[in-house]
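Structure first, then comments.
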Amino acid sequence: MTQQSSGRRRRRTRVPGSPSDPTSVTDQPALRSSSGAVWLISSGVFVAVCLVPLIGIVAVRSAAAPVAIVAIVLLVGLLAAEFVMRVLISAPLQRLRWLAACMLSMAVVALIAMMVCVSIVWSSALH
């Protein structure tokens, strides 16, 4: 930002980590002032994308099918939990942080499940 004073332009400096730092993770609008819809929409898209390979694993009756089924149940359950949290938690900041934590949990579940499924399929292909 610039500031005019006696014909000269000065650049205001922002200290990283200060409360006014817009690059701080906790200072993002999605964690401060959102209604929560952005979390529900992005989580829904994320779950839909994750379900494609997981359902494919189950459909071909792979040895990794039980892991894929557990992952599907967890992902859908976490998405449902987001919708419940959106309605039940009235404090905006707390609600947004829980929604973010839920989506992060979905990412962890999907990553671990896919890694386990791939390792099961690879190990069964080697034998």
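- Linking ILVMFWY side-chain heavy atoms closer than 4.5 Å, directly or via other members, places Leu74 and Phe83 in a single hydrophobic cluster.
- Following chains of ILVMFWY side-chain contacts shorter than 4.5 Å, one cannot reach Leu75 starting from Val116, and the two form parts of different hydrophobic clusters.
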Quiz: residues 103-115 side-chain donor-acceptor pairs under 3.5 angstrom, not counting sequence neighbours:
residue	atom	partner	partner atom	Å
Ser105	OG	Ala101	O	2.9

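- Looking at every heavy atom in both residues, Ile72 comes nearest to Ile55 through CD1-CG1, 4.0 Å.
- Residues satisfying the side chain to side chain contact (heavy atoms under 4.5 Å, CB included) criterion with Val121, sequence neighbours excluded, are Ser62, Ala64.
- Follow the hydrophobic side-chain contacts under 4.5 Å out from Leu96 and you reach Trp98 in the same cluster.
- Residues Met85 and Leu99 approach most closely at CB-CD2, 4.3 Å, considering heavy atoms.
- Residues passing the side chain to side chain contact (heavy atoms under 4.5 Å, CB included) test with Ser119: none are found, sequence neighbours excluded.
- Residues Phe46 and Leu51 fall within the same hydrophobic cluster, defined by Ile, Leu, Val, Met, Phe, Trp and Tyr side chains chained together at heavy-atom separations under 4.5 Å.
- In plain terms, the two heavy atoms of Leu78 and Cys102 that are nearest each other are O-SG, 3.6 Å.
- Nearest heavy atom pair, residue Leu79 against residue Gly44, reads CD1-N, 3.8 Å.
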